[in-house]
Amino acid sequence: MSRESKLTPRSEDYNQWYLDVIQAAELADYSPVKGCMVIRPNGYALWEMIQRQLDEMFKDTGHVNAYFPLLIPESFLQKEAEHVEGFAPECAVVTHGGGHELEEPLVIRPTSETIIWSMYRKWISSHRDLPILINQWANVLRWEMRTRLFLRTTEFLWQEGHTAHATEAEAEAETLQMLEVYRRFAEDYLAIPVIPGLKTDREKFAGAVRTYTIEAMMQDRRALQAGTSHNLGQNFARAFDVTFQAEDGERRLVWATSWGVSTRLIGALIMCHSDDKGLVVPPRLAATKAVVVPILGKKADPERLLAEARKVAAETGLGRAVKVDDRENVSPGWKYHDWEQRGVPVRIELGPRDLEQDQVVLVRRDSGEKIPTPRAGLERALADQLEGIQAGLFERARALREEHSYKVDDEEGFRARIEAPDGFLLAHWCGDEACEIRIQEETKATIRCIPLDAEPEQGSCPFCGKPSDRRVVFAKAY
RNA sequence: CGGGGCGUAGCGCAGCCUGGUUAGCGCGCCUGCCUUGGGAGCAGGAAGUCGGCGGUUCAAAUCCGCCCGCCCCGACCA
């Protein structure tokens, strides 16, 4: 029996459980610098899968990748009023280089709008130069007061798309298109159901006209913003004087969007699917989709068993995504726990008895179900199980969200519901920021978004009683 | 920045209150034997600036002071 220390149960301390899962799966480690983290190979593999898929989706929608520099002249940040107000406090500033104090301090990018729009000014002169559809994969740095692995770290990896358009309508269409790309990615690959919606002015990006978001519910029923897409209007074009000559000969300001997702998605993935045994990775995102565990022992010729295990791996048709655990110094039971902690979707057991019966035993990470499977039909059976897991994880997460989404119509009901164990509160809101602030101060709940598919419905704000024509999503958030 | 907790071997901890030879324990690690269908067993072994600096003392992991770091909880944010 095990004498290993187990993970803190989710039910006991969700936050500690989250940290335990990360450690047990070797996803990340703390760096010597406060607030920064080292993304270990297992964690980086998840990021690579995210990158690979999203990059395809970006390119399918006409975008190209480029790279803009890490260092930005401090003055650039100050060109857009709201933007500077939003980011100045959390910027790290380089003041020295080459042993001398710099003439102008350089800010380490907290986001790249300013450096990019300073370049767009050079690149755009005619309507024929538009649209510009650029994305970049990069690191950014924000001096956060409080950090949490993956969810909020001082430095993080992300992608930021920055597009320039001739018309407002085109920019809005782009903003919504990318939100939809994010929604599809989150649901089809991360298996995380999300609510696409509009942020309130209070919650929107500093410098944006409108911010759209996809909001997800974690297993502790708190909300997590998983991606954002901004319609920047002409704010940055104005700040950096970026104009183009239209067909009619007139010079006009360019319309802009930006959109991004970050390594925070890995945090979402962990908090959405994992369990008391450790990480659970949706098959489509798993670099290792299956692992063959040979049951070595005296009952069968170990050499032969190992050779068969390797054959089984080949029979899965998974290529690099299947591993054979041929370690001889640890028991099969140890290996089971080891791979479960790492979230590998399917374990393939192969022992002497299986060998006799020309079969393997598939074990699902999500349910623990053991499925004896003939060798002959392995590839197909395994593919089916992987699909089943992918769909099952999404469905389970969706069910949890539905179960914990409540319509509330009065202040008392609102206050009662928002106390632990929380959930999404679908309530009317008058649209007044003062009311929004008051609700946050008194209940800790924020408006996560105004869902895009919200049906028009007459009602009244549960706090001030003023009329409202649609429900919004309130929740406690990460 | 406030509140709480913690710093002793790679990890988790005991020892500290009541100072006293070579600072312990579990896991992990190394070697060998033996095992292997849910975290095996035996034997041997390596591994420590006790977070740092200063003070008290014949003597400090232990008492006192200052400092540093990290984690968790809150206010800001993706």
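Proteins get letters first, then strands, A, B, ... in listed order; numbering begins at 1 in each.
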Indicate yes or no: at least one non-hydrogen side-chain atom of A:Arg304 is less than 4.5 angstrom from one of A:Leu355. yes
Using the C1' atom in both, what is the distance from B:A14 to B:C25, to the nearest Å? 7 Å
What's A:Thr228 touching, base or sugar-phosphate or nothing? Going by heavy atoms closer than 4.0 Å. nothing
With a 4.0 Å cut-off on heavy atoms, is A:Gly297 in touch with a base, just the backbone sugar-phosphate, or nothing at all? base
Separation of A:Glu155 atom CD from B:A78 atom P, in whole Å? 18 Å
Between B:G19 and B:G32, how far is it from one P atom to the other, in whole Å? 48 Å
Need one value for A:Glu144: base, sugar-phosphate or nothing, where a base atom within 4.0 Å counts as base even if backbone is also close, heavy atoms only. base
Where each residue is assigned the nucleotide of RNA chain B containing its nearest heavy atom, which of A:Leu355 and A:Thr147 is assigned the position nearer the 5′ end? A:Leu355
With respect to the phosphate group of B:A40, does any side-chain polar atom (N or O) of A:Ser331 fall under 4.0 Å of OP1 or OP2? yes
If I take atom NE2 in residue A:His83 and atom P in nucleotide B:A78, what distance separates them, rounded to the nearest angstrom? 12 Å
For A:Leu157 and B:A78, give me the distance from atom CG to atom C1', rounded to whole Å. 13 Å
Name the nucleic acid region contacted by A:Leu151, choosing base, sugar-phosphate or nothing; use a 4.0 angstrom heavy-atom cut-off, strictly under. base
Could you tell me which residues satisfy ring pair (Phe, Tyr, Trp, His ring centres under 6.0 Å) with A:Phe474, sequence neighbours excluded, listed by chain and number? A:Phe414
Using the C1' atom in both, what is the distance from B:C63 to B:G15, to the nearest Å? 16 Å
NA contact type, A:Arg347, heavy-atom cut-off 4.0 Å: base, sugar-phosphate, or nothing? base
Assign A:Lys444 to base, sugar-phosphate, or nothing according to its heavy-atom contacts below 4.0 angstrom with the strands shown. sugar-phosphate
Remember a base hit wins even if backbone is also touched, and classify A:Pro302 as base, sugar-phosphate or nothing at under 4.0 Å, heavy atoms. nothing
For A:Val361 and for A:Ala477, locate the closest nucleotide of RNA chain B by heavy-atom distance; then report the residue assigned to the nucleotide nearer the 5' terminus. A:Val361
Modelled atom types, side-chain donor and acceptor of A:Asp220 and A:Tyr478, under 3.5 Å: yes
For A:Leu296 and A:Leu306, run side chain to side chain contact (heavy atoms under 4.5 Å, CB included): C-alpha distance rounded to whole Å, both residues' side-chain angles, the deciding distance at 0.1 Å, then the answer. CA-CA 8 Å; A:Leu296 303 168; A:Leu306 257 183; 4.1 Å; yes
Categorize A:Phe156 for me: base, sugar-phosphate, or nothing, with a 4.0 angstrom heavy-atom threshold over every strand shown. base
By the 4.0 Å heavy-atom rule, please label A:Thr213 as base, sugar-phosphate, or nothing. nothing
When the C1' atoms of B:C30 and B:C53 are considered, how many whole Å apart are they? 37 Å
For atom C1', what is the distance between B:C27 and B:C72, given to the nearest Å? 25 Å
What is the nucleic acid contact for A:Asp354, judged by heavy atoms within less than 4.0 Å: base, sugar-phosphate only, or nothing? base
Do the side chain of A:Arg202 and the main chain of A:Thr446 share a donor and acceptor less than 3.5 angstrom apart? no
What nucleic acid atoms does A:Glu215 come within less than 4.0 Å of, heavy atoms only: base, sugar-phosphate, or nothing? nothing
Rounded to whole Å, the CZ-C1' distance (A:Arg40 to B:C11) equals 12 Å
Which word best sums up how the rings of A:Tyr120 and A:Trp117 line up, parallel for under 30°, tilted for 30 to 60°, or perpendicular for over 60°? perpendicular
